[in-house]
Trainee: 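Quick one: this structure, given as structure tokens, is what I'll be asking you about.
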Amino acid sequence: MKRREKQQGKKQDGKQKFKRAVYLFFLLLFLMGAFVTYRFYQKDRKQERHFQHLEKVEGEWDKNHISPIPPTELDNPDWIGWLKIEDTNFSYPVMKRQGDSEYYLHRDFDGNYSFYGTPFLDSRCTLESDNCIIYGHNINGGRMFGQLLAYTDENYYRKHSEIKLRAEEKRRKYEIVSVIQTNTTSPVYHFTEVGNWEEYSGYVHTILSNSLYHTELGDKMEREQEEETLEEFFHKYQFLTLSTCRSWAGHNARLLVVAARERIAD
């Protein structure tokens, strides 16, 4: 009898030890997860503060025309412009690295490693291209280009229909014409420089016909395509395409917010 009681006691002790081990294991996992989340949050806030500081410095420099040479904080030859959507937190530098198209995919403005990266222009494009494609990460919580997901709501577009791009002495305003849920095979990614009017008109048709909803400028373009000749419509607009991922919809899923301006505005 005593022997059986000892055996049962050992089993109970073993169960208790096992339960404690499992509890400590999951507690450790929780603490590690919380630590990693906190570190990501710290890095996220640090980068956002850095962008805000750069925006302030760039704005003051541009406003006051202190010197044609940017201040030290902006002394990066890869910096080519500044994107902004009024009355939102969307305000970011745009980069382009010669010889390395994805250099800023995971680098900050200064070239240091950053999971969040910095928005960058497609290597095939210049700021004078028929379509300037700019890439940025979709960060959880609507940060970075994640803010663009709000454009799936037509009401949001109507309140924020304009995108500004400032580059050197040029201040451009683009009006949104299309919001497209697509993937990396979208023909829009092939639309950068077009040499003939039929191809140009075809790309414009693709952009407008795949939009989640109608836009004012998009409807105007459709009317012009019907009323004007291909030659008259050719190169009439310059496009700006902001691209970000929709990871929950698949690895290759993308959201495109496409805006445009009439070239005669220069």
Side-chain angles (χ1 to χ4, degrees), residues 33 36-37 40-41 43-45 47-48 51 81 83-96 101-108 113-125 129 131-165 174-192 202-215 217-218 239-260:
V36 170
T37 300
F40 267 104
Y41 173 78
K43 291 180 179 179
D44 178 31
R45 293 300 305 143
Q47 178 132 336
E48 283 295 324
F51 282 141
L83 271 178
K84 187 176 181 65
I85 299 175
E86 294 291 350
D87 300 321
T88 74
N89 293 324
F90 190 92
S91 182
Y92 297 105
V94 180
M95 317 299 287
K96 183 179 180 182
S101 60
E102 296 187 348
Y103 182 83
Y104 286 96
L105 184 64
H106 290 299
R107 284 185 172 86
D108 64 15
Y113 175 80
S114 167
F115 174 78
Y116 305 102
T118 307
F120 60 94
L121 183 69
D122 191 299
S123 61
R124 299 167 296 169
C125 300
S129 294
N131 183 26
C132 300
I133 306 175
I134 298 176
Y135 304 92
H137 283 296
N138 172 12
I139 304 300
N140 291 336
R143 297 185 297 278
M144 297 286 289
F145 272 33
Q147 297 179 61
L148 298 177
L149 298 177
Y151 279 105
T152 57
D153 180 357
E154 185 175 352
N155 290 326
Y156 186 85
Y157 143 73
R158 298 202 175 278
K159 295 177 182 177
H160 308 284
S161 61
E162 192 176 85
I163 300 174
K164 293 183 178 180
L165 175 62
Y174 296 82
E175 187 177 341
I176 293 172
V177 297
S178 178
V179 177
I180 305 171
Q181 289 183 335
T182 183
N183 55 49
T184 54
T185 65
S186 171
V188 180
Y189 287 113
H190 301 291
F191 177 33
T192 54
Y203 277 125
V204 173
H205 174 74
T206 297
I207 287 171
L208 299 181
S209 62
N210 286 282
S211 182
L212 294 176
Y213 46 78
H214 286 275
T215 63
L217 183 55
F239 291 83
L240 175 71
T241 297
L242 307 185
S243 171
T244 195
C245 63
R246 298 183 297 124
S247 54
W248 66 93
H251 179 70
N252 294 320
R254 296 292 184 271
L255 177 80
L256 304 180
V257 175
V258 187

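All of these numbers come straight from a predicted model, not from anything done at the bench. For reference, positions follow the sequence shown, starting with 1.
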Trainee: Quick one: does Val188's side chain get under 4.5 Å of Asn131's, heavy atoms only?
Mentor: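 In contact.
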Trainee: Do Thr182 and Asn210 have side-chain heavy atoms sitting under 4.5 Å apart?
Mentor: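 Side-chain contact under 4.5 Å: no.
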Trainee: Treating Tyr92 as the side-chain partner and Met144 as the backbone partner, does any N or O pair qualify as donor plus acceptor under 3.5 Å?
Mentor: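 Indeed, once roles are kept as given, a pair shorter than 3.5 Å links the two residues.
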Trainee: In chain order, what residues pass the salt bridge (Lys or Arg N to Asp or Glu O under 4.0 Å) check against Asp122, with sequence neighbours excluded?
Mentor: Arg124
Trainee: Identify, with sequence neighbours excluded, every residue that meets salt bridge (Lys or Arg N to Asp or Glu O under 4.0 Å) alongside Glu154.
Mentor: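 Checked Glu154 against salt bridge (Lys or Arg N to Asp or Glu O under 4.0 Å); matches are Arg158.
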Trainee: Hey, is the main chain of Asp87 close enough, under 3.5 Å, to the side chain of Lys159 for a donor-acceptor pair?
Mentor: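 Flag not set: sc Lys159 to bb Asp87 has no pair under 3.5 Å.
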Trainee: Check ring-ring contact (aromatic ring centres under 6.0 Å, His included) between Phe191 and all other residues, then give those that pass, not counting sequence neighbours.
Mentor: Tyr203, Phe239
Trainee: Going from CG on Leu240 to CD1 on Ile134, what distance comes out if it is rounded to the nearest 0.5 angstrom?
Mentor: 5.0 Å
Trainee: List the residues meeting ring-ring contact (aromatic ring centres under 6.0 Å, His included) with His106, not counting sequence neighbours, and say none if there are none.
Mentor: Phe115, His137
Trainee: Drop me the distance from Tyr113's OH to Asp108's CG, to the nearest 0.5 angstrom.
Mentor: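 Atom-to-atom, Tyr113:OH and Asp108:CG are 11.0 Å apart.
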Trainee: Name all residues meeting the ring-ring contact (aromatic ring centres under 6.0 Å, His included) criterion together with Tyr156; count only those two or more places apart in sequence or in a different chain, and write none if there are none.
Mentor: Tyr151, His160
Trainee: According to salt bridge (Lys or Arg N to Asp or Glu O under 4.0 Å), who are the partners of Lys84, at least two apart in sequence or on a separate chain?
Mentor: Glu55
Trainee: Please check if the number of heavy atoms outside Asn89 that lie under 6.0 Å from its CG is greater than 12.
Mentor: no
Trainee: Could you check whether any side-chain N or O of Ser178 sits under 3.5 Å from a backbone N or O of Ser209, counting only pairs where one atom can act as donor and the other as acceptor?
Mentor: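 No, because the side chain of Ser178 does not come within donor-acceptor range (under 3.5 Å) of the backbone of Ser209.
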Trainee: Can you name the residues that form a side-chain hydrogen bond (donor to acceptor under 3.5 Å, both in side chains) with His214, not counting sequence neighbours?
Mentor: Asp219
Trainee: Among side-chain atoms of Ser243 and Tyr189, is any donor-acceptor pair under 3.5 angstrom?
Mentor: yes
Trainee: Using the test ring-ring contact (aromatic ring centres under 6.0 Å, His included), find all partners of Tyr104 that sit at least two apart in sequence or belong to another chain.
Mentor: none
Trainee: Looking at CD1 of Ile176 and CD1 of Ile163, how far apart are the two atoms once the value is rounded to the nearest 0.5 Å?
Mentor: 4.5 Å
Trainee: Looking at every heavy atom in both Thr88 and Ile85, which two are closest together, and how far apart are they?
Mentor: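 Looking at all heavy atoms of both residues, the closest pair is OG1-O, 2.7 Å.
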Trainee: Check salt bridge (Lys or Arg N to Asp or Glu O under 4.0 Å) between Glu86 and all other residues, then give those that pass, not counting sequence neighbours.
Mentor: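 Residues passing salt bridge (Lys or Arg N to Asp or Glu O under 4.0 Å) with Glu86: Lys164.
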Trainee: I'd like to check the side chain to side chain contact (heavy atoms under 4.5 Å, CB included) partners of Thr184; sequence neighbours left out, ordered by chain and number.
Mentor: Asn252, Arg254
Trainee: Quick one: side chain to side chain contact (heavy atoms under 4.5 Å, CB included) partners of Thr215, sequence neighbours excluded?
Mentor: Tyr157, Val177, Tyr213
Trainee: Looking at every heavy atom in both Cys132 and Cys125, which two are closest together, and how far apart are they?
Mentor: CA-SG, 4.2 Å
Trainee: With heavy-atom distances below 4.5 Å as the criterion, would you say the side chains of Ile180 and Ser186 are in contact?
Mentor: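 No - every pair of side-chain heavy atoms lies 4.5 Å or more apart.
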Trainee: Looking only at atom types and distance, does a side-chain atom of Arg246 sit under 3.5 Å from a main-chain N or O of Asn183, one as donor and one as acceptor?
Mentor: no
Trainee: Could I get the full list of side chain to side chain contact (heavy atoms under 4.5 Å, CB included) partners for Thr244, not counting sequence neighbours?
Mentor: Asn138, Phe145, Leu255
Trainee: Around His205, counting heavy atoms of other residues, nucleotides and ligands shown, do more than 12 lie under 6.0 Å from its NE2?
Mentor: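 Open: at most 12 neighbouring heavy atoms sit under 6.0 Å from NE2 of His205.
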Trainee: Judged by atom type as modelled, is there a donor-acceptor pair below 3.5 Å linking the side chain of Thr206 to the main-chain atoms of Gly202?
Mentor: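 A pair under 3.5 Å: yes.
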